[in-house]
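Only heavy atoms go into these numbers, but all of them, side chains included; no hydrogens, no water, no symmetry mates. Every chain is numbered from 1 and lettered A, B, ... according to where its sequence line falls, protein lines coming before strand lines.
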Amino acid sequence: MLDLNFIREKPDQLKEALIKLNTDAPIDEILALDEERRTLLTEVEALRHQRNVTSEKIGRMEKGEERQALIAEMRQVGERIKALDGPVSDVEELLREAMLQVPNMPHETVPVGKDDSENVVVRTEGELRQFDFEPLPHWDLGPVLGIIDFERGVKLSGTRFYVLKGLGARLQRALIAWMLDLHVNEQGYTEIYPPFVVKRECMVGAAQLPKFEANIYHDVEDDFWFIGTAEVPLTNLHRDEILDADQLPLYYVAYSPCFRREKFSAGKDTRGIKRGHQFDKVEMYKFATTENSYEELEKMVDNAEDVCRRLGIPYRVVQMCTGDLGFAAAKKYDVEMWAPGCGEWLEVSSCSNCEDFQARRANIRYRPETGAKPEFVHTLNGSGLALPRTLIAVMENYQQADGSIVIPEVLRPYMGGIETIS
RNA sequence: GGAGGGAUGGCCGAGUGGACUAUGGCGACGGUCUUGAAAACCGUUGUGGGGGCAACCUCACCGGGGGUUCGAAUCCCUCUCCCUCCGCCA
């Protein structure tokens with residue numbers, strides 16, 4: 001959510017930004033509702049003041065005609081207040097709904113572009129492996145090795161589900177455990193095990209709702225919302241709190257399964273395990289002060305890159321242009337691993353600085369110093385990393401001519417010393 | 001799932017229809033005293049909205065929502081969460 005004062009004072013600046021973002025938002029509606037709200041408030045608050053003052057006087061008066069007259073008068077005032085209360089809450093609700101539709105503003109360093117074709121490759125690291133045979137895609141490698149079972153996944157749950165089996169399941173578990181240990185032991189993150197279903201307000205706080213409702217699984221009976229990323233519970237960990245400045249920055253990391261309906265990518269990436277309705281992810285998250293959140297973003301991207309480097313897999317870092325920024329981010333980098341079998345760069349991480357956009361929605365503040373007024377924190381999120389795609393990259397980069405897969409050095413302690421899958 | 005008890009400010013805790021700004025204590029911050037500190041004493045201490053150049057004025061908030069009343073932390077309805085006991089259970 002943006003600051004209403006900002007929208008009120010600089011609507012043209014916001015409209016310019018919306019053009020760069022290649023999107024739209026009900027700015028004029030917000031301005032009109034804000035105007036109406038303030039007019040109504042002035043009126044109803046004056047009436048309340050009158051009632052407060054007079055009621056207090058009534059309390060101190062002797063019983064009698066004069067007192068009865070005032071009571072009758074205040075009954076009238078009360079009815080006028082009641083008549084205004086409805087419109088006030090209607091306008092406030094409409095204003096809130098409209099405010100939730102407005103995307104975040106891009107940071108000044110974000111390149112302008114219309115869509116993902118204008119994203120900028122910032123750097124490419126690691127040597128692409130030269131194969132003396134034709135590298136296979138994971139959807140061929142997996143079934144042959146008996147570590148991915150597509151048919152039975154579909155039998156159980158339908159399209160976009162698969163089963164990992166034997167050393168395939170073990171390899172994913174090893175990746176998760178190793179990544180968590182890396183973030184916790186060497187990068188300073190605190191491990192969190194969060195709920196995987198949350199209340200509606202958490203989804204609003206993390207900016208998943210109301211805009212992306214069609215993409216979220218929802219249990220109607222208990223009103224539980226299935227998280228599409230651990231970013232959701234991590235954002236809400238400090239919802240409605242005022243943090244001390246000396247606590248910041250806070251670093252959290254959480255493993256979670258992620259559930260996505262994928263309504264917006266029907267028919268895309270249907271082959272393999274690249275895009276499923278359920279996948280695992282290790283997520284990094286930071287609560288930072290307004291001063292250093294951009295330094296923290298660069299550090300977070302490096303934390304994600306570190307996972308790639310240690311796995312020995314070539315990757316590149318891509319900066320999103322304005323047209324591909326998404327709803328909540330002010331600045332965003334993707335980290336993409338090279339997958340030689342399917343022949344594409346796979347997005348394994350997405351690192352964003354949301355500035356105070358989520359913090360306003362979730363009401364997360366900090367006090368810069370004792371006695372100072374609370375300010376909204378800056379929130380950052382980044383995958384560290386998404387599992388199925390990392391699994392793809394490991395399988396395809398470490399495949400051998402005989403169809404076996406060598407386990408990367410760093411994972412072997414997590415695989416009980418196993419060196420190859422064959 | 002059944003029965004009972006609760007939810008008040010950063011924390012503890014009083015408050016069953018009207019008084020000044022919701023007692024009091026703890027904590028925190030400022031001050032006096034002191035070479036310095038502690039103790040003692042004095043003072044300050046929530047969040048959000050509206051108006052105003054400003055000092056300031058004003059509205060709302062006692063778990064959430066609704067109701068009664070001239071007036072609600074207080075009375076009524078409802079929901080959520082927590083605690084105790086019973087039942088069930090990985």
Just say parallel, tilted or perpendicular for the rings of A/Tyr217 and A/Phe226, cut-offs at 30° and 60°. perpendicular
Tell me whether the rings of A/Tyr251 and A/Tyr189 are parallel (<30°), tilted (30 to 60°) or perpendicular (>60°). tilted
A/Arg365 vs B/rG46: side-chain N/O to OP1/OP2 distance below 4.0 Å: no
Can you check whether A/Arg38 has a side-chain N or O nearer than 4.0 Å to OP1 or OP2 of B/rG50? no
Nearest-angstrom distance, [atom1] atom, [N] to [M]:
| N | M | atom1 | answer |
| --- | --- | --- | --- |
| B/rG27 | B/rC12 | P | 15 Å |
| B/rG63 | B/rU16 | P | 15 Å |
| B/rC79 | B/rC70 | C1' | 30 Å |
| B/rA73 | B/rA19 | P | 10 Å |
| B/rC26 | B/rU84 | C1' | 28 Å |
| B/rC62 | B/rG9 | P | 10 Å |
| B/rG18 | B/rG13 | P | 25 Å |
| B/rG50 | B/rG2 | C1' | 50 Å |

Expressed in angstrom and rounded to an integer, what is the separation of [X] atom [atom1] from [N] atom [atom2]?
| X | N | atom1 | atom2 | result |
| --- | --- | --- | --- | --- |
| A/Asp3 | B/rG48 | CG | P | 12 Å |
| A/Met74 | B/rU68 | CE | P | 18 Å |
| A/Lys57 | B/rC20 | NZ | P | 14 Å |
| A/Glu62 | B/rA19 | CD | P | 17 Å |
| A/Glu241 | B/rG9 | CD | P | 15 Å |
| A/Glu201 | B/rC81 | CD | C1' | 12 Å |
| A/Lys373 | B/rU45 | NZ | C1' | 14 Å |
| A/Arg200 | B/rU80 | CZ | P | 17 Å |

Closest to the A/Pro374 side chain, choosing from B/rG48, B/rG18, B/rG51: B/rG48
Side-chain contact check for A/Ile242: nearest option of B/rU47, B/rU68, B/rG48 is B/rU47
With ring pair (Phe, Tyr, Trp, His ring centres under 6.0 Å) as the test, pick out the partner of A/His218 among A/Phe224, A/Phe259, A/Trp225. A/Trp225
Of A/Lys199 and A/Ile58, whose closest RNA chain B nucleotide lies nearer the 5' terminus?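 Its nearest nucleotide lies further toward 5', so the answer is A/Ile58.
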Residue closer to the 5' end of RNA chain B, A/Lys82 versus A/Glu56 (nearest nucleotide):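 Its nearest nucleotide lies further toward 5', so the answer is A/Glu56.
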Sole candidate of A/Glu93, A/Glu92, A/Glu43 that passes salt bridge (Lys or Arg N to Asp or Glu O under 4.0 Å) when paired with A/Arg37: A/Glu92
Testing A/Arg160, A/Arg389, A/Lys274 one by one against A/Asp269 for a salt bridge (Lys or Arg N to Asp or Glu O under 4.0 Å), which residue passes?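 Considering A/Arg160, A/Arg389, A/Lys274, a salt bridge (Lys or Arg N to Asp or Glu O under 4.0 Å) with A/Asp269 is found only for A/Lys274.
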Across the strands shown, which category fits A/Thr54 at heavy-atom distances under 4.0 angstrom: base, sugar-phosphate, nothing?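 It contacts nothing in the nucleic acid.
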For a quick check of understanding: with a heavy-atom distance under 4.0 Å over all strands, which category does A/Arg37 fall into, base, sugar-phosphate or nothing?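 Sugar-phosphate, no base atom in range.
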Atom pairs under 3.5 Å, N or O on each side, protein against nucleotides 57-63 of chain B: can you list them with distances?
residue	atom	partner	partner atom	Å
B/rU58	O3'	A/His49	ND1	2.9
B/rC59	OP1	A/His49	ND1	2.8
B/rC59	OP1	A/Asn52	ND2	3.1
B/rA60	OP2	A/Asn52	ND2	3.4

For A/Asp181, enumerate each residue passing the salt bridge (Lys or Arg N to Asp or Glu O under 4.0 Å) test, keeping only those at least two apart in sequence or located in another chain. none
Does atom CZ of A/Arg8 have more than 12 heavy-atom neighbours, drawn from other residues, nucleotides or ligands, at distances under 6.0 Å?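 More than 12 heavy atoms, drawn from other residues, nucleotides or ligands, come within 6.0 Å of this atom.
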Working to the nearest 0.5 angstrom, can you tell me the gap between A/Lys57 NZ and A/Met61 CE? 7.0 Å
Charged N to carboxylate O below 4.0 Å: is that the case for A/Lys299 and A/Asp302? no
Look at A/Asp149 together with A/Lys155 and state whether they make a salt bridge at an N to O cut-off of under 4.0 Å. no
If a pair means Watson-Crick or G-U wobble with both distances below 3.5 Å, what does RNA chain B look like in dot-bracket form, with | marking bases paired to a different strand? ((((((((.[[[..)..(.....]]]((((((.......))))))((((((....)))))).[[[[[..)....]]]]])))))))....
Is there a donor-acceptor pair closer than 3.5 Å between any side-chain N or O of A/Asp356 and the backbone N or O of A/Val377? no
